[in-house]
Amino acid sequence: GQQVMQIPQYQHVQEGEDFTTYCNSSTTLSNIQWYKQRPGGHPVFLIQLVKSGEVKKQKRLTFQFGEAKKNSSLHITATQTTDVGTYFCAGRAGGFKTIFGAGTRLFVKA
Amino acid sequence: GAVVSQHPSWVICKSGTSVKIECRSLDFQATTMFWYRQFPKQSLMLMATSNEGSKATYEQGVEKDKFLINHASLTLSTLTVTSAHPEDSSFYICSAISSSGGGNQPQHFGDGTRLSIL
């Protein structure tokens with residue numbers, strides 16, 4: 001069945017350093033979504049990518065969707081302590097069913 | 001923005017009890033809702049897709065008779081954990097997709113229900 005792999009599992013950074021998490025699907029995706037979950041909270045939708053090669057930015061966050069629509073990345077420039085949390089990618093291969101990656105837990109040291 | 005309310009937020013009960021969790025879309029209609037289970041520090045595991053007016057679609061390995069799902073209206077889906085045992089203790093989260101907009105709609109999550117079975 002469809003699988004979505006996400007790396008790294010966790011990352012510790014110093015405040016101000018950059019951070020990137022990568023997502024790879026076993027099948028071509030119709031779209032990919034990114035969510036952030038704070039400790040004790042629920043996932044919050046960040047963005048959705050639909051087009052091949054698409055790049056979207058939200059302030060310090062840059063999201064990319066691969067040309068083959070099988071991989072994606074989230075890059076955070078100059079991390080802040082408020083960026084702490086787990087970032088999940090979630091892919092759809094068709095329809096509404098969404099498969100989540102394992103998540104990358106980000107720790108930011110002030 | 002789209003709001004999903006999930007109730008209760010936490011439950012502690014004895015083994016053998018059945019527990020019902022409600023998921024409501026407050027300001028939009030949701031033909032499709034999802035139920036996930038999340039273990040500590042792990043990803044969301046899709047349990048089932050709840051479709052308004054029809055039977056839920058369960059993922060492989062999820063017991064239909066154990067986790068009863070009812071989606072009786074466009075704004076409410078319920079998950080009942082029947083005869084719960086300690087191994088059912090987990091964080092259960094629902095999400096809903098707006099009925100309008102097609103396949104590119106994002107999921108909006110409830111706050112989750114922390115279930116502890118003693």
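None of these values were measured; they are calculated from a predicted model. Excluded from the calculations below are hydrogen atoms, water molecules and symmetry mates; all remaining heavy atoms, backbone and side chain alike, are included.
- A 6.0 Å sphere centred on NE2 of A:H12 holds more than 12 heavy atoms belonging to other residues, nucleotides or ligands.
- Here the shortest heavy-atom pairing between B:L46 and A:T98 reads CD2-O, 4.3 Å.
- Neither the backbone nor the side chain of A:Q6 comes within less than 4.5 Å of any heavy atom of chain B.
- When hydrophobic clusters are built by joining Ile, Leu, Val, Met, Phe, Trp and Tyr residues whose side-chain heavy atoms come closer than 4.5 Å, directly or via intermediates, B:I21 is grouped together with B:V62.
- Only the side chain of B:E59 comes within contact range of chain A, with heavy atoms under 4.5 Å apart.
- When the side chains of ILVMFWY residues are joined at heavy-atom separations under 4.5 Å, either directly or via intervening members, A:F63 and A:Y87 end up in a single hydrophobic cluster.
- Inspection of non-hydrogen atoms places A:F100, A:G101, A:A102, A:R105 of residues 99-110 of chain A under 4.5 Å from chain B.
- Rounding to the nearest 0.5 Å gives a distance of 11.0 Å between CD of A:Q9 and OG of B:S43.
- Both B:W35 and B:Y58 are members of a single hydrophobic cluster when ILVMFWY side chains are connected at heavy-atom separations under 4.5 Å.
- Within 6.0 Å of NZ on A:K56 lie more than 12 heavy atoms contributed by other residues, nucleotides or ligands.
- Here A:F45 and B:F109 keep their ring centres 6.0 angstrom or further from each other.
- Hydrophobic clustering (ILVMFWY, side-chain heavy atoms < 4.5 Å, transitive): A:L29 and A:L74 are in one cluster.
- Grouping the Ile, Leu, Val, Met, Phe, Trp and Tyr side chains by contacts below 4.5 angstrom, directly or via other members, places B:F91 apart from B:M45.
- Proximity to chain B is absent for every atom of A:Y10, based on heavy atoms less than 4.5 angstrom apart.
- A 4.5 Å side-chain heavy-atom check between B:Q107 and A:Q48 finds every atom pair outside the cut-off.
- Residues of residues 72-80 of chain B placed with any heavy atom under 4.5 Å of a heavy atom in chain A are absent; none qualify.
- For A:Y22, the OH atom sits in a loose shell: 12 or fewer heavy atoms of surrounding residues, nucleotides or ligands are nearer than 6.0 Å.
- Counting heavy-atom neighbours within 6.0 Å of A:K57 NZ, excluding the residue itself, gives a total of 12 or less.
- In this structure, A:H42 NE2 and B:I93 CD1 are separated by 8.5 Å, a value rounded to the nearest 0.5 Å.
- Of the atoms belonging to B:Q38, it is side-chain heavy atoms, and not backbone ones, that fall under 4.5 Å from chain A.
- Using a 4.5 Å cut-off between heavy atoms, B:T49 makes no contact with chain A at all.
- For the pair B:L44 and A:F88, the minimum side-chain heavy-atom distance is below 4.5 Å.
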